[in-house]
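What follows is a short report on a single structure.
These values consider heavy atoms only, across backbone and side chains, with no hydrogens, waters or symmetry-generated copies. The sequence lines fix the lettering, A, B, ..., with proteins before strands; numbering per chain opens at 1.
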Amino acid sequence: MPAAKKNTVAGSACFADTAAKITSRFASSLVMWQQVHGRHDLPWQQTRDPYRVWLSEIMLQQTQVSTVLNYYPRFLALFPDVQALAAASQDEVLSLWSGLGYYSRARNLHRCAQVVVQEYGGEFPAQMALLMELPGIGRSTAAAIAAFCFDERVSILDGNVKRVLTRTLGYGEDISTTAADRELWTLAQMLAPKPALVRKYQNASMTAMASYTQGLMDLGASLCQPRRAQCDLCPVAQVCRAHQSGTELAYPVKTRKVKRSVHSGYLLWLVSPLGVWLAPRPAKGIWGGLYSMPVFESVQQRTDVVYAMNAEQVTELPAFKHVLTHMDWMLQPAMVKLSRRQALNLPTVLQELQGNWFSLQEWPALGLPAPVRRLLEMAQAPQSDLFAP
DNA sequence: ATCCGGGACT
DNA sequence: AGTCCCGGAT
């Protein structure tokens, strides 16, 4: 057998061997640790209601627990069950989601609620495979719901868990590749609690699958952080290959470099006695479905509109940078003050955007992107002179 | 000021 | 592989 091929095969089998060797101790140690040291008091815990678990998991995608704590209770108060959420308008949902980011999550959440009500009679399906078919629920989120609510023996695999697993197994392959991703899913599944462990905890206040799933999350968030590993406190340090060689921080290996491009945007911030003029963004793309002041791609386009309105008071405000995954968006706001008469007779270009004037009482309740909300709040602050004559 | 981390969809 | 955001750490 050629040396290269032999290495590949041996290297590949190696991680599965390691996983098989440690799986019992890994899972049972993690479960025990979670029940003593893990988090138990988060508002979406101590429930097996799939609606509540689902809502929390969607909010927690790409978002820190501390941030979600500011949104989850309000959301649940207004939409206590999946029927209430399904019956809401998209505007209402986006308004409550405003500031959380990744707004496709909110649009999918809304659609998912409607599917659950219409296709499943308001009951979430009790299997990971069926959960995955719902809008906004991918493999990891489906596994989380299935494990927490239905004790299905499946593993989550989010960014935190990838870090925990690559360190535990000493998995040094580039996890950006699809091959590594496939392999990690297999390894994660191998490490999940076996039936014997599940049985052992079947009458406990927290089941093995729930504790294991929560334990993976808690470990990644507390002891096994990206730039800080507290292995002296870690329940699985004994079996952790990275810890054995003192190379915790070398994992995971990620090569893909997201080169961000730079784009400019020119905000037209119209104010008048009627309030501020905001228009819904296109359904897809950046800030999809949220309200914003119009954004032009060139300063010329904005100037043309300002000229068409015969505006006299134009104030250029300081530019700021809004960072997205794939681009740095340099946003340059210009505030234009219009009379009542001008406000009621906007040029065609703006009318086509389907915007509206929103009063000080109205705009705070809209679904607004974080930087837009910040701008509006800044203008409203007591010391601001933006609205002075 | 800049960097970093974090799932699903297309 | 590219597209979606924000807060917190550095």
Partner of A:Tyr291 under ring-ring contact (aromatic ring centres under 6.0 Å, His included), picked from A:Trp357, A:Tyr103, A:Trp277, A:Phe358, is A:Phe358
Does the [X] side chain pair with the main chain of [Y], one donor and one acceptor, at a distance under 3.5 Å?
| X | Y | value |
| --- | --- | --- |
| A:Ser359 | A:Gln361 | yes |
| A:Gln189 | A:Arg153 | yes |
| A:Gln351 | A:Leu346 | yes |

Could you check whether A:Arg373 gets within reach of a base, just the sugar-phosphate, or nothing at all, counting any heavy atom under 4.0 Å?
nothing
What is the nucleic acid contact for A:Thr63, judged by heavy atoms within less than 4.0 Å: base, sugar-phosphate only, or nothing?
nothing
Quick check: is A:Val68 connected to A:Val161 through a chain of hydrophobic side chains (ILVMFWY, heavy atoms under 4.5 Å apart)?
yes
CD of A:Glu123: more than 12 outside heavy atoms within 6.0 angstrom?
no
Atom-to-atom span, [atom1] of [X] to [atom2] of [N] - whole angstrom:
| X | N | atom1 | atom2 | result |
| --- | --- | --- | --- | --- |
| A:Asp181 | B:dG7 | CG | P | 12 Å |
| A:Gln61 | B:dC9 | CD | C1' | 11 Å |
| A:Met59 | B:dG6 | CE | C1' | 16 Å |
| A:Asn108 | C:dT3 | CG | P | 18 Å |
| A:Arg139 | B:dA8 | CZ | P | 11 Å |
| A:Ile137 | B:dC9 | CD1 | P | 8 Å |
| A:Glu57 | B:dA8 | CD | C1' | 14 Å |
| A:Trp185 | B:dG7 | CH2 | P | 10 Å |

A:Asn160 vs B:dG5: side-chain N/O to OP1/OP2 distance below 4.0 Å
no
Atom pairs, protein N/O to nucleotides 5-8 of chain C N/O, distance under 3.5 Å:
| from | atom 1 | to | atom 2 | distance (Å) |
| --- | --- | --- | --- | --- |
| C:dC5 | OP1 | A:Tyr103 | N | 2.5 |
| C:dC5 | OP2 | A:Trp287 | N | 2.3 |
| C:dC5 | N3 | A:Tyr102 | OH | 3.4 |
| C:dC5 | N4 | A:Thr325 | N | 3.4 |
| C:dC5 | N4 | A:Thr325 | OG1 | 3.0 |
| C:dC6 | OP1 | A:Tyr103 | OH | 2.6 |
| C:dC6 | OP1 | A:Ala370 | N | 2.7 |
| C:dC6 | OP2 | A:His322 | NE2 | 2.8 |
| C:dC6 | O3' | A:Gly99 | O | 3.3 |

Between the side chains of A:Glu316 and A:Arg302, is the shortest nitrogen-to-carboxylate-oxygen separation below 4.0 Å, so that they form an ion pair?
yes
